[in-house]
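When a residue number appears, it is its place in the shown sequence, counting from 1. Just so you know, ligand 1 is whichever comes first in the structure, and atom 1 is the first atom listed for that ligand.
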Amino acid sequence: MVPSDARIFVAGHRGLVGSAILRRLSSAGYENILTATRDQLDLRDQAAVNYWFKANRPDYVYLAAGTVGGIMANSTRPAEFLYDNMMIHGTVVHASHQFDVQKLLYLGSSCIYPRHATQPIDEDQLLSGPLEPTNESYALAKIAGIKLCQSYRTQYGSNFISAMPTNLYGPGDNFNLESSHVVPALMRKFHDAKIAREPKVEVWGTGSPMREFLYVDDLADACVFLMDNYSEAQHINVGTGVDLAIAELAETLAEIIYPRAEIVFDRSKPDGMPRKVLDVTKLRELGWSPKHELRDGLQTTYDWFLSQDLADLRTASVA
Ligand code: GFB
């Protein structure tokens with residue numbers, strides 16, 4: 001168990017995942033939570049990261065920082081996705097080793113698995129085939145992060161573990177249509193169409209790709225659970241094990257937000273991976289399972305969206 005007075009660094013605390021981990025740690029009573037904004041610390045800069053670690057001496061690290069985005073951002077900004085993420089993983093893992101961090105949890109993504117992986121995808125399928133082209137750069141950086149943690153474990157005995165979450169959504173998400181993932185994108189599109197009394201809502205691709213969605217507070221709960229209960233070299237999947245077609249997701253969001261909307265598929269946009277549902281047997285056997293049903297999580301996220309300053313949300317791009 002992580003002691004209640006431990007110094008815990010949440011890297012990426014302003015993002016969807018980091019902010020949820022912060023909420024979870026605060027509700028569990030941890031008081032020494034360390035954070036740094038981008039302006040305070042460029043995580044791509046090893047010297048700056050070393051300086052920060054030397055000054056702040058974290059005992060535990062959640063590595064949730066990175067350049068992230070949906071299918072379009074991944075396709076059009078591959079250099080940023082590869083460079084930023086490789087650098088951030090490298091500096092934080094290396095400083096954690098140099099400054100004697102007791103345990104680090106690294107967060108990857110289900111896009112690490114091959115495009116034609118057998119479904120549901122278990123952990124052993126890593127590096128068993130070619131990657132999905134729309135997110136190859138991000139996936140390569142995330143795979144390198146797993147291997148980095150394993151290499152520091154092998155060479156130095158570091159207790160660095162890796163969790164691979166499925167597609168995430170929830171309060172604090174990025175609603176900028178150029179860089180967002182499908183849930184916030186469609187939420188905003190249905191909302192804007194309702195306000196404008198526009199009957200048609202555009203959904204990218206064919207609607208047939210299958211995706212699994214995990215509410216971000218469930219992921220944060222799993223991360224805290226893994227920090228307490230998991231210390232193996234192999235990465236571990238985090239998800240619900242249940243997926244649905246993008247067309248069904250769109251219908252569910254329409255029911256919640258704008259039932260009269262007419263869904264139109266834009267087939268000129270990419271579908272991406274045909275299916276990616278995780279095999280979560282390993283995590284379930286450890287004793288963890290998610291608490292939020294998809295429909296309830298979507299409703300809570302939409303309620304949160306409505307409580308925000310919508311002008312800010314439309315332009316902000318949260319990593
Ligand atoms: O969430 P998303 O961008 O990421 O897209 P991926 C999921 C599916 O939703 C794709 C469709 O088939 C999209 O074509 N979609 C429909 C839309 N309408 C929209 C829309 O308005 N916006 C968006 N964004 N999608 C990402 C990876 O893949 O998954 C990342 O690119 C990361 O690397 C993340 O791993 C979890 O699931 O396709």
Side-chain angles (χ1 to χ4, degrees), residues 15-17 64 66-78 80-82 84-85 107-115 117 119 121 126 131-146 163-170 173-193 200-216 219 235 237-240 243-254 257 261 263-278 294 298 301 314 317-319:
L16 174 67
V17 173
T67 293
V68 300
I71 193 164
M72 201 54 78
N74 268 270
S75 309
T76 54
R77 292 161 44 207
E80 273 174 74
F81 277 75
L82 189 51
D84 288 356
N85 291 309
L107 279 145
S109 160
S110 60
C111 71
I112 58 164
Y113 293 113
R115 175 173 165 82
Q119 310 286 328
I121 314 173
L126 181 65
L131 296 164
E132 157 61 36
T134 55
N135 57 37
E136 191 181 62
S137 290
Y138 185 66
L140 285 169
K142 287 288 160 194
I143 293 168
I146 297 174
M164 296 304 119
T166 188
N167 288 37
L168 302 166
Y169 72 98
D173 212 336
N174 168 18
F175 287 82
N176 181 329
L177 292 182
E178 284 166 28
S179 52
S180 55
H181 289 96
V182 63
V183 169
L186 293 187
M187 198 168 273
R188 186 182 142 187
K189 285 182 184 176
F190 282 113
H191 177 80
D192 286 354
K200 291 191 171 144
V201 173
E202 192 183 89
V203 174
W204 293 352
T206 60
S208 62
M210 303 288 289
R211 292 290 183 274
E212 172 190 8
F213 296 98
L214 181 69
Y215 189 65
V216 72
L219 172 69
H235 62 283
N237 290 341
V238 186
T240 62
D243 62 350
L244 79 172
I246 294 299
E248 288 175 72
L249 172 75
E251 281 159 22
T252 306
L253 284 166
I257 300 167
I263 295 168
V264 181
F265 292 100
D266 177 357
R267 290 181 160 75
S268 71
K269 297 287 195 309
D271 270 345
M273 194 129 156
R275 192 177 181 203
K276 49 174 170 180
V277 60
L278 294 176
L294 179 62
L298 293 173
T301 306
R314 281 187 174 81
S317 184
V318 186

Please set out all donor-acceptor pairs under 3.5 angstrom arising from side-chain atoms of residues 243-254, sequence neighbours excluded.
from : atom 1 : to   : atom 2 : distance (Å)
D243 : OD1    : R275 : NH2    : 3.3
D243 : OD2    : R275 : NE     : 2.7
D243 : OD2    : R275 : NH2    : 3.3
E248 : OE2    : A245 : N      : 3.2
T252 : OG1    : E248 : O      : 2.8

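Contact check for Y138 versus L140: no side-chain heavy atoms found under the 4.5 Å cut-off.
In this view, N167 satisfies the side chain to side chain donor-acceptor pair (under 3.5 Å) rule with no residue, not counting sequence neighbours. K276 is linked by a side chain to side chain donor-acceptor pair (under 3.5 Å) to nothing, counting only residues two or more places apart in sequence or in another chain.
Remark: E178 CD is loosely packed, at most 12 non-hydrogen atoms of other residues, nucleotides or ligands lying under 6.0 Å away.
The aromatic rings of F213 and Y169 sit perpendicular, their planes meeting at an angle over 60°, well past the 30° parallel limit.
Near ligand 1, residues G69, G70, I71, N74, S109, C111, N135, Y138, N167, S180, H181, V182, A185, L186, K189, V203, W204, P209, R211, I246, P270, D271, K276 each place a heavy atom inside the 4.0 Å sphere around the ligand atoms.
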